[in-house]
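Since the structure comes first, as structure tokens, the remarks are kept for the end.
Bear in mind that the values here come from a model prediction, so they are computed numbers and not experimental data. Letters A, B, ... mirror the listed sequences (proteins, then strands); counts begin at 1.
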Amino acid sequence: MTTHVLEFADVHYTYPGARQPALNGVTLAVPAGRRCALLGRNGCGKSTLFLHANGIFRPQKGQVLWKGVPISARRAELQALKRNVGLVFQDPEQQLIAATVAEDLSYGLCNLHLPEEEIKEKVRRTLEAFGMSEWADTPVHHLSLGQKRRVALAGVMVMEPELLLLDEPTSYLDPWQTEAFVRELERIHAAGTTIVMATHDLDFAFAWADWVFVMDAGRLVLAGEPERVFARRDILADLRMKPPAVLELWEAIPGHVKERLRRGLPRTPGELAERLRSL
Amino acid sequence: MIGQLDALAYANRLRRLSPGRKLLFALALMLIVLASHPPVQLAAFVWISVWIVGYARIPCRVYLVGLVLALSFLAAGMPALLVEVAPVTGWGSGANVLAAWQWGGWVAYVTTDGVARAATLLCRSLAALSCFYFVLFTVPFAELLQVLRRIGLPAVLTDLVMIMYRFVFVFLETAAWLRTAQIARGGYQGVRAALRDTGRLVTRLFGRAMLRYRQVYLGMMARGFTEDFRVVGLSAHVRSKRHEREALAGCVLLAAWEWWIGG
């Protein structure tokens, strides 16, 4: 049986002064231990959803549940939620606050009022895990965008959250930086953290995710295993979402050839090429 | 300039020395030069310049530009110190006049006293300024903040300064981007257009700043901000016996010299 870490039940939210609601009755459940991709056009409510997940915004209607328990407005509970749900914003400048890398990593821990020695120990361990020990005393503004993204991620992971939310973490990164970032995510996921990543890159989502959400106009449109979600071409076409390249290639392969290839959909063009070569 | 200063402070050779000790040294020297005579002040200036350029390896050019920049303010005030103006009848009585110019019923003149006063001020400024630059160039800002926190400056002040420091650079970067975009579209041609474009830049920058403020607020909330703002640094500092000995000996020597001159 799959358990859900986080659930949204008919959540509505309209920004003050906005005509359209940002969330228009979204109902969505994040399965524990998965790598989830959250797809949708700009303005479909992804970022607003994340801000609800972290307890920063409160639903105007509906409920957000953490492990089946509705999130109350009690401060201690909200603070606990912020520890359990780590949120990495698209723009790292938005969440890097302190002057140096080590100080920034300590920020969330200081908000938990942990003893100083414990904070230092956790910061040291996280710096090491992310391979950024030599940056400890570097001022944040001396780093590149890719480095800032990794520091922002480290600043969230130092809190050891159970659920990690990433808002378009690979935008503006070069392939090399993206690869390093994804490797970091693999390590985090392997350690037992559930991940939800908002992205526009369908090829990446298909290759990386094992669960996919599609949102549009503040609602959930599709959810499920990538194979099943991407099989709904009609709905995706309405949202102007092109299927992943590997799927298009796969479908162009004649049936009798497909039978001779190994079973199951290939996830990347590279994997497909590999299978074709082994024929 | 700010960016360069900051980069130097993080890369200088004295970086690993305890910021508290460096501050203490600069403060002690500052007190000595403020209370002493020009020869001692000049000696202190030369000595601290050796620390800045020699030990900390701050490029000579940067240090000189810094000095000239600050002293240009002093130069702007020089005429007021040097030149005295009086009516033609009975001017300059009892003073050693070096030069004088007459305009109708008024005379402008320079006295040896005036020159001496200006020279004293110059020596004092130069020495005090170099002490200040020693801190600026060798103590990274984040470490300066840690010292301020340790000596008990109110948290609200250190928090504000820290956020300001962090966002000065975000702000400068945004401004640079906006300016580049304006130039790319043919802005800043001629004085009039340059003024207008600068005005637009400031307006846009203000809008961006407000947006940034809202974003950062969300970012802080997401990281569990409650009411106080606290961070812990990891930086480990080393003690250098050699530098400590020189600092102490130098200060004692200067103080003794001053006592000998003054006494």
Report summary line: Turns out that what part of A:Tyr107 lies under 4.5 Å from chain B's heavy atoms comes down to both

Query raised in the report: Take atom CD in A:Gln20; do more than 12 heavy atoms of anything else shown fall under 6.0 Å from it?
Result: no

Report task. Report the option among B:Tyr10, B:Phe225, B:Phe141, B:Tyr217 that has the most heavy-atom pairs separated by less than 4.5 Å from atoms of chain A. Result -> B:Tyr10

Report task. Check whether any side-chain heavy atom of B:Asp6 sits under 4.5 Å from a side-chain heavy atom of A:His142, and report yes or no. Result -> yes

Query raised in the report: Which of the residues A:Leu96, A:Ile119, A:Val156, A:Leu109 is involved in the greatest number of heavy-atom pairs with chain B at under 4.5 angstrom?
Result: A:Leu96

Query raised in the report: Would the number of heavy atoms belonging to other residues, nucleotides or ligands and lying under 6.0 Å from CZ of B:Arg149 be above 12?
Result: yes

Query raised in the report: Given side chains that start at C-beta, do those of B:Glu143 and A:Thr100 come closer than 4.5 Å, heavy atoms only?
Result: no

Query raised in the report: More than 12 heavy atoms of other residues, nucleotides or ligands under 6.0 Å from CZ of A:Arg187: is that the case?
Result: yes

Query raised in the report: With chain B, which of A:Ala99, A:Ala136, A:Ala152 has the greatest number of heavy-atom pairs at distances under 4.5 Å?
Result: A:Ala99

Query raised in the report: With respect to chain B, which residue among A:Met159, A:Arg83, A:Arg124 yields the maximal number of heavy-atom pairs within a distance under 4.5 Å?
Result: A:Arg124

Requested in this report: Answer with side chain, backbone, both or neither: which region of A:Gln79 has an atom nearer than 4.5 Å to a non-hydrogen atom of chain B?
Outcome: side chain

Report task. Taking the side chain as every heavy atom from C-beta outward, state whether B:Arg223 and A:Asp104 have any pair of such atoms under 4.5 Å apart. Result -> yes

Query raised in the report: Does atom CZ of A:Phe181 have more than 12 heavy-atom neighbours from other groups under 6.0 Å away?
Result: yes

Query raised in the report: Is there a side-chain contact between A:Phe57 and B:Leu218 (heavy atoms, below 4.5 Å)?
Result: yes

Query - Least distance between heavy atoms, B:Val231 atom then A:Ala98 atom - result: CG1-CB, 3.8 Å

Query raised in the report: Just by distance, do the side chain of A:Gln94 and the backbone of B:Gln215 share a donor-acceptor pair under 3.5 Å?
Result: yes

Query raised in the report: Under a 4.5 Å cut-off applied to non-hydrogen side-chain atoms, are B:Arg15 and A:Asp137 in contact?
Result: yes

Query - B:Arg242 CZ: over 12 foreign heavy atoms closer than 6.0 Å - result: yes

Query raised in the report: Side chain, backbone, both or neither: which part of B:Phe167 has an atom under 4.5 Å from a heavy atom of chain A?
Result: side chain

**Report entry** side-chain contact (heavy atoms from CB on, under 4.5 Å) between A:Leu105 and B:Leu234, intermediate numbers included
**Finding:** CA-CA 10 Å; A:Leu105 256 55; B:Leu234 282 186; over 6 Å; no

Report task. Answer with side chain, backbone, both or neither: which region of A:Leu114 has an atom nearer than 4.5 Å to a non-hydrogen atom of chain B? Result -> backbone

Requested in this report: Decide yes or no for B:Val232 and A:Val123: does some side-chain heavy atom of the first lie under 4.5 Å from some side-chain heavy atom of the second?
Outcome: no

Query raised in the report: Got more than 12 heavy atoms from elsewhere within 6.0 Å of OH, A:Tyr172?
Result: no

**Report entry** Sub-4.5 Å side-chain heavy-atom contact between B:Met162 and A:Glu103
**Finding:** yes

Query raised in the report: What part of B:Phe169 gets closer than 4.5 Å to chain A, counting heavy atoms only: side chain, backbone, both or neither?
Result: side chain

Query raised in the report: So, do A:His141 and B:Tyr165 have ring centers that fall under 6.0 Å from each other?
Result: yes

Report summary line: Turns out that what part of A:Leu78 lies under 4.5 Å from chain B's heavy atoms comes down to neither

Query raised in the report: Do the non-hydrogen side-chain atoms of B:Arg212 and A:Asp91 ever get within less than 4.5 Å of each other?
Result: yes

